[in-house]
There are 2 protein chains.
Amino acid sequence: MKPRHPHRSEDCRAVSAVLQRVGDKWTVLVVSMLGDGPMRFNELRHAVGGISQKMLTTTLRNLERDGFVTRTVFPTIPPRVDYELTGLGRELLTPVMALGDWARANIDRINNARDRFDAAAQS
Amino acid sequence: MKPRHPHRSEDCRAVSAVLQRVGDKWTVLVVSMLGDGPMRFNELRHAVGGISQKMLTTTLRNLERDGFVTRTVFPTIPPRVDYELTGLGRELLTPVMALGDWARANIDRINNARDRFDAAAQS
DNA sequence: CAGGATCCGGTAAGATACTG
DNA sequence: CAGTATCTTACCGGATCCTG
């Protein structure tokens, strides 16, 4: 009687790939910050906090590559670059936020399980 | 007029931490396989496909540590170990599946964006 | 201001061999 | 069967310095 949805290997890989992008160290933070509207590089850097400029650059490049953000350069002096979520990026935000809400709601349970496991492994 | 939900730094970190666990290379595959019911080690290994026994072991240990799966040892010969999702694990499956569905639905758009970006970067 | 270039350390990930 | 132990490789993430 189980629903038994297929688990097509190919699909699972695609899901896994997307989750790996989303799950890398900074992506979610950056995307959720951009959820409030376009931001400049250093503005983003400061808002996220604790990210190096290198990692912010690579994170943004990857997001741009996958079509989640647009990069707009204003050829002024000093230069100015705006990053903004695309439609795809905003759509991504929905399931990610859902997972985020779940995480917030259950982080205590996870931490408790972790503490119990570590305590049990102590012996 | 934006909703402007808070982005409490602490919360975002927790979310990010959970996403990193969920987003590591094999976790989603393993959890989704276990979504159909308990499985043994090698059964899981074969079902996932392409995972080394070492990575499967560490993935399962981490999932056990965080309270997502239980590990049941039958002291028979040959030994038998069943892995099964906990309640927490099954709850996790819901938002993860939602993200998975989104990923399946949009993988083409992502790949297209990627191809376009790479083609543009060619010059 | 926004980043490119470079170096370095830590850890993830795989292959292989061995064990209860 | 279900791991553990060990080794090697690869890449991630950070720090620092430099440029238009």
Side-chain angles (χ1 to χ4, degrees), chain A residues 12-13 16-31 33-34 38-66 69-84 117 120-121 123, chain B residues 12-13 16-31 33-34 38-66 69-84 117-118 120-123:
Chain A
C12 289
R13 298 309 165 136
S16 189
V18 171
L19 278 166
Q20 275 182 74
R21 163 128 335 289
V22 167
D24 80 354
K25 195 167 182 181
W26 301 106
T27 296
V28 189
L29 272 340
V30 170
V31 170
M33 290 302 170
L34 288 176
M39 291 179 96
R40 303 182 54 178
F41 187 87
N42 272 350
E43 190 181 1
L44 209 39
R45 177 156 157 58
H46 183 258
V48 172
I51 189 174
S52 65
Q53 90 284 33
K54 175 187 170 180
M55 289 319 296
L56 182 53
T57 300
T58 54
T59 299
L60 287 168
R61 282 296 174 284
N62 285 331
L63 287 172
E64 189 193 358
R65 186 168 114 97
D66 288 356
V69 308
T70 55
R71 178 171 180 271
T72 314
V73 181
F74 300 91
T76 58
I77 297 183
R80 163 184 182 143
V81 182
D82 274 16
Y83 293 92
E84 185 172 12
F117 184 91
S123 58
Chain B
C12 290
R13 299 307 165 138
S16 189
V18 172
L19 277 166
Q20 275 183 72
R21 162 127 335 286
V22 168
D24 80 355
K25 195 166 183 179
W26 301 107
T27 297
V28 189
L29 272 341
V30 171
V31 170
M33 291 303 169
L34 288 176
M39 291 179 96
R40 301 181 56 175
F41 188 86
N42 272 351
E43 191 180 1
L44 208 39
R45 176 157 158 58
H46 182 258
V48 172
I51 189 173
S52 65
Q53 87 283 39
K54 175 188 169 181
M55 288 320 297
L56 183 54
T57 300
T58 53
T59 300
L60 286 168
R61 284 293 175 287
N62 286 330
L63 287 173
E64 190 192 358
R65 185 168 114 97
D66 288 355
V69 308
T70 55
R71 178 170 181 271
T72 312
V73 181
F74 299 91
T76 58
I77 295 184
R80 165 188 179 139
V81 182
D82 274 16
Y83 292 92
E84 184 171 13
F117 185 90
D118 291 348
Q122 193 66 15
S123 59

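Below, chain A is the first sequence line, B the second, and so on; all start at residue 1. Just so you know, these numbers use all the heavy atoms, side chains as well, and skip hydrogens, waters and symmetry mates.
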Heavy atoms only, 4.0 Å cut-off, all strands: where does B:Arg45 land among base, sugar-phosphate and nothing?
nothing

Footprint ends on DNA chain D, 5' to 3', for atoms under 4.0 angstrom from a heavy atom of chain A, come out as D:dG13 to D:dG20

Side-chain contact, heavy-atom cut-off 4.5 Å: A:Thr59 with A:Leu63?
yes

On a heavy-atom basis, the closest approach of A:Tyr83 and A:Arg71 is OH-NE, 3.2 Å

For a 4.5 angstrom cut-off between non-hydrogen side-chain atoms, does B:Thr57 reach B:Phe41?
yes

Let me spell it out: for each of A:Gly50 and A:Pro79, pick the nucleotide of DNA chain D with the closest heavy atom. Which residue's pick is nearer the 5' end?
A:Gly50

Closest approach of B:Val22 and B:Thr27, non-hydrogen atoms and distance?
O-CB, 3.9 Å

Heavy-atom pair with the smallest gap, counting every atom of B:Ala47 and B:Met39:
CB-CE, 3.8 Å

Can you tabulate the close N/O pairs, meaning under 3.5 Å, that link protein atoms to atoms of nucleotides 4-8 of chain C?
| unit_1 | atom_1 | unit_2 | atom_2 | d |
| --- | --- | --- | --- | --- |
| C:dG4 | O6 | A:Gln53 | NE2 | 3.4 |

In whole angstrom, give the distance that lies between atom CH2 of B:Trp26 and atom C1' of C:dA12.
13 Å

Starting from P on C:dA2, measure out to CD on A:Glu64 and report it in whole angstrom.
15 Å

Tightest non-hydrogen contact, residues B:Leu60 and B:Val69, listed as O-CG2, 4.0 Å

Where the side chain of A:Val81 is concerned, which of C:dG14, C:dG3, C:dC1 is the nearest nucleotide?
C:dG3

Measure from CD on A:Glu43 to P on C:dG3 and round the result to the nearest Å.
13 Å

Which pair of non-hydrogen atoms, one from A:Pro75 and one from A:Val73, has the smallest distance, and what is that distance?
CD-O, 3.6 Å

Find the distance A:His46:NE2 to C:dA2:C1' and express it as a whole number of Å.
17 Å

Atom CG of B:Asn62 and atom P of C:dT11 are separated, to the nearest Å, by 14 Å

Side-chain contact test, heavy atoms from C-beta onward, threshold under 4.5 Å: evaluate it for B:Thr58 versus B:Trp26 and give yes or no.
no

Spacing between B:Asp24 atom CG and C:dA13 atom P, to the nearest angstrom
6 Å

Measure from CD1 on A:Ile77 to C1' on C:dA2 and round the result to the nearest Å.
13 Å

A:Arg80 side chain N/O closer than 4.0 Å to the phosphate oxygens (OP1, OP2) of C:dA2?
no

NA contact type, A:Phe74, heavy-atom cut-off 4.0 Å: base, sugar-phosphate, or nothing?
nothing

Side chain to side chain contact (heavy atoms under 4.5 Å, CB included) partner of A:Arg40, chosen from A:His46, A:Arg80, A:Arg45:
A:Arg80

To the nearest Å, how far apart are B:Lys25 NZ and C:dT11 C1'?
14 Å

